[in-house]
Protein chains: 2
Amino acid sequence: MIQAIDRAAKVLSSLQGARHLGITELSAELGLPVSTVHGIVKSLQGHGLVSQEPGGNRYMLGPALLKLSNVYLDTLDVRARAMRWTLELARRTGLSTRLGVQLFDEVIIIHHNQRPDGSQQMPETGLAIPAHASAMGKVLLAYSPDYAAGLLGRPLGSLTGATITDPARLGAQFASIAGNGIATEEDEAVLGESSVAAPIVDTRGNVIAAVAVVVPSSEWPPDTSVLNGLRETARNISRELGASTWPPRAPQRSVAVPPES
Amino acid sequence: MIQAIDRAAKVLSSLQGARHLGITELSAELGLPVSTVHGIVKSLQGHGLVSQEPGGNRYMLGPALLKLSNVYLDTLDVRARAMRWTLELARRTGLSTRLGVQLFDEVIIIHHNQRPDGSQQMPETGLAIPAHASAMGKVLLAYSPDYAAGLLGRPLGSLTGATITDPARLGAQFASIAGNGIATEEDEAVLGESSVAAPIVDTRGNVIAAVAVVVPSSEWPPDTSVLNGLRETARNISRELGASTWPPRAPQRSVAVPPES
DNA sequence: AACGCAATTCGACAATGTCGAATATCCTCC
DNA sequence: GGAGGATATTCGACATTGTCGAATTGCGTT
């Protein structure tokens, strides 16, 4: 890991958390000399990744990120393929649907279909949800057992009173998810919202994304038709990506001690 | 400018243009040894800014960018303040409206209101348009005369047959825009689409963004009511940001030879 | 107008990233 | 199914490059 790039990424990450920061504040947060931080920030600014707060000496994230992320969404094959299916699923179920990918300990929503009832809803694309508190996250973790093992070793945050933070309980859920390909979450991220998710698989059988249906907790558990629709949607998207089987075969945990060769 | 960060940004920029690239392709494009590029890419990947193409050894932009850009949009004070006004403007005029900021030679659309006629339209937030081919770009350049001077020195690309690329003609437009605060563009970015834009000013009188109304070229020139609505919108947003005067005073070109002190 | 804080500039040192060669891995073509 | 080529990845020595502390400038405040 190149030090300067690592530090630059940490600067972006700090600005992501704090929105607006001065050089001194950043240097305190990162534990680096001010002049070092200054050099990094100016380099990022030179590419539009960071920008000066209008009328101030503090810094914030820059517009280049917006352009980059727009291209990122366009390059995602899954997203382009999935959109028509998730829209259909939203219509069928009358519920909002999501598509997400894993980013370390979180799930990033890469596409969102609003509930078709026409009510005013916030667009969710770009939102990040802690993986352990989300149905999509549980799916993704259940099929990345190595990463999941690491995650369960760390202390997990609680978002609502219902968030499951006990490693043993989560581990048990992962095992059963890897069996049948369906994950659920009840009020674990947002009170009043529960969700069901299923994995999306590519040609070589890797789980690369997850689809979810968001169900108001008042209507929990969802009807069987919702579950069937979700399963079909995940299967259709996966098939379009070239997957031969669905649900994916349960993953193997790579062993700590590899067999001697 | 820190070399490693500069190179990392160039890697992102290359991936932005080409979508999917292998290490060798990247190294050819940047004129750097493969091992150097590899180190940079792996560092970026370690922060989710770049990710491996599913089922391949090529690389693409990563999901962290989406999360960062989402926060970027949230931190923009102008955007939050402007949204309700641009929505109103779209309703009043029956046309689509845009909000944009400058990113070097381009304008990045940070908010977009669709035409209220209910037709299917592509969301434009995140789109980048060459500044010299856009009404918003012309506004922003007209109030950054130093940057504009540099831009006019470089050769300008043509997007449609109507794109103005002659430095003299553009320079003349900038002068008149700086006078009355209204810029126009006819078929210069997209055939069939023209637009009018006005500057948004903050407390200290800096032009920090632009609003625009997109007019189908078949309805050009727009009605006076559209121009008045646009002007009012720009003034309202600016006032909410603490600006005392609108339109902003014409900017002074900083002189090449500063007065001796 | 003067104080204090924060951002910025500068230069020397050595830690750090860079590069070329060697190795491993993947894909393609026979 | 095997061999060849191409591409990604690892490694270690060198010197370029980033880092750091001190000095300077600029800004906001009293």
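Labels below follow one simple rule: chain letters A, B, ... track the order of the sequence lines, proteins then strands, and each chain is numbered from 1.
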- [ ] Using only side-chain N and O atoms of His38(A), determine if any of them is under 4.0 Å from OP1 or OP2 of dA7(C).
- [x] no
Open item on the list: Looking at dA6(C), I'd like to know if its phosphate oxygens (OP1 or OP2) sit under 4.0 Å from a side-chain N or O belonging to Tyr59(A).
Closed with: no
Task: Heavy-atom donor-acceptor pair, Thr245(B) side chain to Pro248(B) backbone, under 3.5 Å - done: no
TODO: Rounded to whole angstrom, note down the C1' distance from dA12(C) over to dT16(C).
DONE: 16 Å
- [ ] Any chance you could list the contact pattern along nucleotides 17-23 of chain D? Use B for base contacts, S for sugar-phosphate-only contacts and - for none, protein heavy atoms under 4.0 Å, 5' to 3'.
- [x] SSSBB--
Any side-chain donor near an acceptor of the partner, [X] and [Y], under 3.5 Å:
X	Y	result
Trp85(A)	Glu232(A)	no
His132(B)	Asp105(B)	no
Tyr59(B)	Gln52(B)	yes

Rounded to whole Å, how long is the line connecting atom [atom1] of [X] with atom [atom2] of [N]?
X	N	atom1	atom2	answer
Gln45(A)	dA7(C)	CD	C1'	12 Å
Arg58(A)	dC5(C)	CZ	P	18 Å
Arg204(B)	dC27(D)	CZ	P	10 Å
Asn57(A)	dG28(D)	CG	C1'	9 Å

Is any side-chain heavy atom of [X] less than 4.5 Å from a side-chain heavy atom of [Y]?
X	Y	result
Leu152(B)	Leu170(B)	yes
Tyr147(A)	Gln102(A)	yes
Leu49(A)	Leu68(A)	yes

Task: Contact residues, residues 14-28 of chain B to DNA chain C [heavy atom, < 4.0 Å] - done: none
Open item on the list: Suppose we screen for salt bridge (charged side-chain N to carboxylate O under 4.0 Å, His left out). Which residues come up paired with Arg84(B), at least two apart in sequence or across chains?
Closed with: none
